[in-house]
Each structure stands twice: as C-alpha cells, then as structure tokens.
Amino acid sequence: MSAHRISALDNGSERWTSRNPFAEQPLAARIEALYAVAPYDHSNRLCVADFADLGAFRQTASSASVSLQLDAVTGDTRGGSRNVRLRAENKGGSRQGAWAKAGLTFPAPYRNFSGTGALGVWIKGDGQGALLNIQLGTPREYMQALSEHYVLLDFTGWRYVELLMRERDVEAMSDYQWPYGGHYDMYRNPIDLAHISEINVYLNNLPAGGSTEVVLSPVMALAVRPAELRHPALTVNGQTLT
C-alpha cells in the first residue's frame with residue numbers, strides 16, 4: 001500500500017507518482033475525506049510562530065555532519081512582510097541521519113490554541129527532496145506528546161500547505177533517523193492544543209554533500225470544519241473515474 005495525503009486543494013499535491021515494487025497487479029484505491037481548513041487569513045486564526053525574533057529560536061541542533069543557518073526574508077514573501085529561510089548543509093556522505101532543528105519554547109502557562117485543528121503555512125521548496133517536519137509539543141504535566149507533520153520538499157517555488165492535527169505523520173517516522181523517540185508521546189498520547197510548550201522545525205534526509213534551502217511564512221493555527229466532496233475524480237495514466 002502507498003498512502004498519499006493532499007495537503008491543500010490545487011497546490012500541486014493532488015498529482016503524484018506511486019511505484020509498485022511487486023509484479024503487475026490490478027489497481028485498487030481508497031479515497032478518504034479529511035476535514036477542511038479555514039483560510040490562512042481567517043479572522044479567528046492564531047499565530048503559532050511569526051519569526052519576528054529569530055533569536056528566540058535558541059533550541060538549535062543538528063547531526064554531526066550538518067550545519068544550520070536561519071535568516072530573515074523580506075522580499076518574495078508569503079503571509080506577511082517577514083519570512084524565515086532555513087539553510088542546512090550536509091557535509092556527510094549519506095542522507096540517512098542528516099538532520100537539523102530550530103526550536104521555539106513557550107514558557108508556562110504555555111500557548112493555548114483551543115478551537116483550532118490545523119496549521120497553515122506557505123512553504124518555498126527547492127526540489128532537493130529533503131523532509132520538513134513542523135512539530136508541536138505538549139509538556140509532561142499535560143501528558144507529554146509530540147505531533148509530527150511532514151512535508152516532502154520535492155517541489156520548487158511556493159506551495160500552501162495545511163497540516164491537520166488529527167493526521168500525525170508518525171507512521172513514517174521510522175523511515176528516517178531522529179534525535180528523539182518514545183512510544184507514548186509519539187504514538188499514543190494526544191496533543192493538548194490548550195497547552196503547547198514548543199514548536200520545532202526539522203529538516204531531515206538532506207542531500208549528501210549538498211544543501212537544502214526552504215522559506216517559511218508565519219505558521220498559523222486554523223479551525224477545521226466538515227467539507228462536502230462533490231464529484232471527486234481519480235485519474236490514473238489518463239483514465240478518469242468520477
């Protein structure tokens with residue numbers, strides 16, 4: 001089985017390639033409807049991180065072969081006049097285990113994003129195939145949890161992405177090497193949106209002997225709502241089923 005999640009309507013993620021590692025077989029597909037997300041500029045949005053103070057991202061770390069640099073971007077921005085550029089360089093000979101992190105912590109009583117259910121962010125990718133992980137954390141006293149949200153940077157230019165809190169990407173966690181783990185906080189414990197103690201931005205699977213550059217808009221917490229799908233269509237090799 002190959003699963004693919006469309007990260008927003010008409011942002012390019014509705015087209016993808018799936019490779020079958022086995023012998024020829026009939027195609028079987030399942031379409032699962034997810035929640036719709038309020039617009040990025042909705043009046044009830046809550047700002048998670050606007051990158052106005054890059055010095056606040058003091059929780060930086062990386063694997064041994066990787067260096068990370070954060071810069072403010074004021075030209076060619078989305079979602080505001082100021083974006084952030086993360087540039088990670090991998091001097092090692094392998095993508096596996098090549099990661100870097102920039103983190104922002106929220107002191108007690110922590111941040112309250114009750115009433116939301118998704119993150120909205122504009123992402124400018126470089127097509128190098130690295131993995132972006134926007135991770136939220138709930139502290140220990142509120143049943144410690146980490147919420148993984150992956151975006152594969154296989155596209156170039158700007159793309160708007162919606163990350164649903166109910167759709168954590170932890171099932172793909174073992175495909176990469178991370179500096180953390182834990183069955184309870186990763187797989188079992190729900191994220192407590194009323195008590196968010198940290199947001200971490202990871203880059204992983206960096207090109208061997210190369211670098212990755214990504215630009216992020218301010219990250220917004222947005223409400224979710226039911227959606228009605230009208231005449232969804234699946235097209236495979238030019239043949240469409242509606």
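Predicted model only: the values in this text are computed from it and were never measured.
No side-chain donor from either of S217 and N83 sits under 3.5 Å from a side-chain acceptor of the other.
A223 and G115 make their closest contact through CB-O, 3.7 Å (heavy atoms, listed as atom of the first residue, atom of the second, distance). Closest non-hydrogen pair, A72 versus L54, comes out as N-CD1, 3.5 Å. Of all the heavy atoms in R225 and V37, the pair that sits closest is NH2-O, 4.2 Å. Residue M165 comes nearest to L193 through the heavy atom pair CE-CD2, 4.0 Å, listed as atom of the first residue, atom of the second, then distance. Across all their heavy atoms, G129 and R95 have their closest contact at O-NH1, 3.6 Å. L216 and L132 get closest at one heavy-atom pair: CD2-CD2, 3.9 Å.
Residues W158 and I123 have side chains not in contact (no heavy-atom distance under 4.5 Å, counting atoms from C-beta outward). Using a 4.5 Å heavy-atom cutoff, the side chains of M143 and T138 are not in contact. At least one side-chain heavy atom of I191 sits under 4.5 Å from a side-chain heavy atom of I196.
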Please table the atom pairs, donor to acceptor, closer than 3.5 Å between any side-chain atom in residues 235-242 and protein atoms at least two apart or in another chain.
residue	atom	partner	partner atom	Å
T235	OG1	T240	OG1	2.7

Show me the side-chain donor-acceptor pairs of residues 201-214 shorter than 3.5 Å, one per line, residues at least two apart or across chains.
residue	atom	partner	partner atom	Å
N204	ND2	Q177	O	2.9
S211	OG	R87	NH2	3.3
E213	OE2	R85	NE	3.4

Contacts under 3.5 angstrom, residues 147-154 side chains, donor-acceptor by atom type, not counting sequence neighbours:
residue	atom	partner	partner atom	Å
S147	OG	H149	NE2	2.8
E148	OE1	N133	ND2	3.1
E148	OE1	Y150	OH	2.8
E148	OE1	Y180	OH	2.8
E148	OE2	N133	ND2	3.4
E148	OE2	Q135	NE2	2.5
E148	OE2	Y180	OH	3.0

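Within a 6.0 Å sphere centred on CZ of R166, other residues, nucleotides and ligands contribute 12 heavy atoms or fewer.
Distance CD/Q144 to NE2/H195: 15.0 Å, rounded to 0.5 Å. The structure places CG of L146 at 7.5 Å from CG of N200, a figure rounded to the nearest 0.5 Å. The CE atom of M173 sits 11.0 Å away from the CZ atom of R168 when rounded to the nearest 0.5 Å. The line from CG of D192 to CZ of F113 is 12.0 Å long, rounded to the nearest 0.5 Å. Atom CG of residue N11 and atom CG of residue L9 lie 8.0 Å apart, to the nearest 0.5 angstrom. Remark: D175 CG to D169 CG distance equals 10.5 Å, nearest 0.5 Å.
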Worked verdict on Y187 versus E171 for side chain to side chain donor-acceptor pair (under 3.5 Å)
CA-CA 9 Å; Y187 292 90; E171 74 276 3; over 6 Å; no
Q25 and N20: CA distance, side-chain angles, deciding distance, side chain to side chain contact (heavy atoms under 4.5 Å, CB included) verdict
CA-CA 9 Å; Q25 55 182 298; N20 173 28; 3.2 Å; yes
Side chain to side chain contact (heavy atoms under 4.5 Å, CB included) between L119 and L136: does it pass, once the steps are laid out?
CA-CA 10 Å; L119 300 177; L136 295 182; 4.3 Å; yes
Begin from the C-alpha positions of M220 and C47 and carry the test side chain to side chain contact (heavy atoms under 4.5 Å, CB included) through to its verdict.
CA-CA 5 Å; M220 298 295 172; C47 182; 3.8 Å; yes
If you apply the rule side chain to side chain contact (heavy atoms under 4.5 Å, CB included), what do you find for W99 with V66, and how did you get there?
CA-CA 7 Å; W99 61 269; V66 174; over 6 Å; no
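Between E89 and K91 no salt bridge is recorded (no basic side-chain N to carboxylate O distance below 4.0 Å). No salt bridge links D126 with K124; every basic N to acidic carboxylate O contact stays at or beyond 4.0 Å. Between R140 and D185 there is no salt bridge, since no side-chain nitrogen of the basic residue lies less than 4.0 Å from a carboxylate oxygen of the acidic one.
A cation-pi contact links R159 to F155, judged by a cut-off of 6.0 Å to the six-membered ring centre and 45° from its axis. Geometric assessment of R45 against the ring of Y40 yields a positive cation-pi assignment under the 6.0 Å and 45° thresholds.
Under the 4.5 Å side-chain contact rule for hydrophobic residues, I199 and L222 do not share a cluster. Tracing side-chain contacts under 4.5 Å through hydrophobic residues (I, L, V, M, F, W, Y), one reaches L104 starting from V84; they form part of the same cluster. F51 and L163 fall within the same hydrophobic cluster, where Ile, Leu, Val, Met, Phe, Trp and Tyr residues are linked whenever their side-chain heavy atoms come under 4.5 Å apart, directly or through other members. A continuous path of Ile, Leu, Val, Met, Phe, Trp and Tyr side chains, each step under 4.5 Å between heavy atoms, connects F106 with L46, placing both in one hydrophobic cluster. Clustering ILVMFWY residues whenever any of their side-chain heavy atoms sit less than 4.5 angstrom apart, transitively, puts W178 in a cluster other than the one holding L68.
Of the possible polar contacts, none joining the T116 side chain to the A118 backbone as a donor-acceptor pair under 3.5 Å is found.
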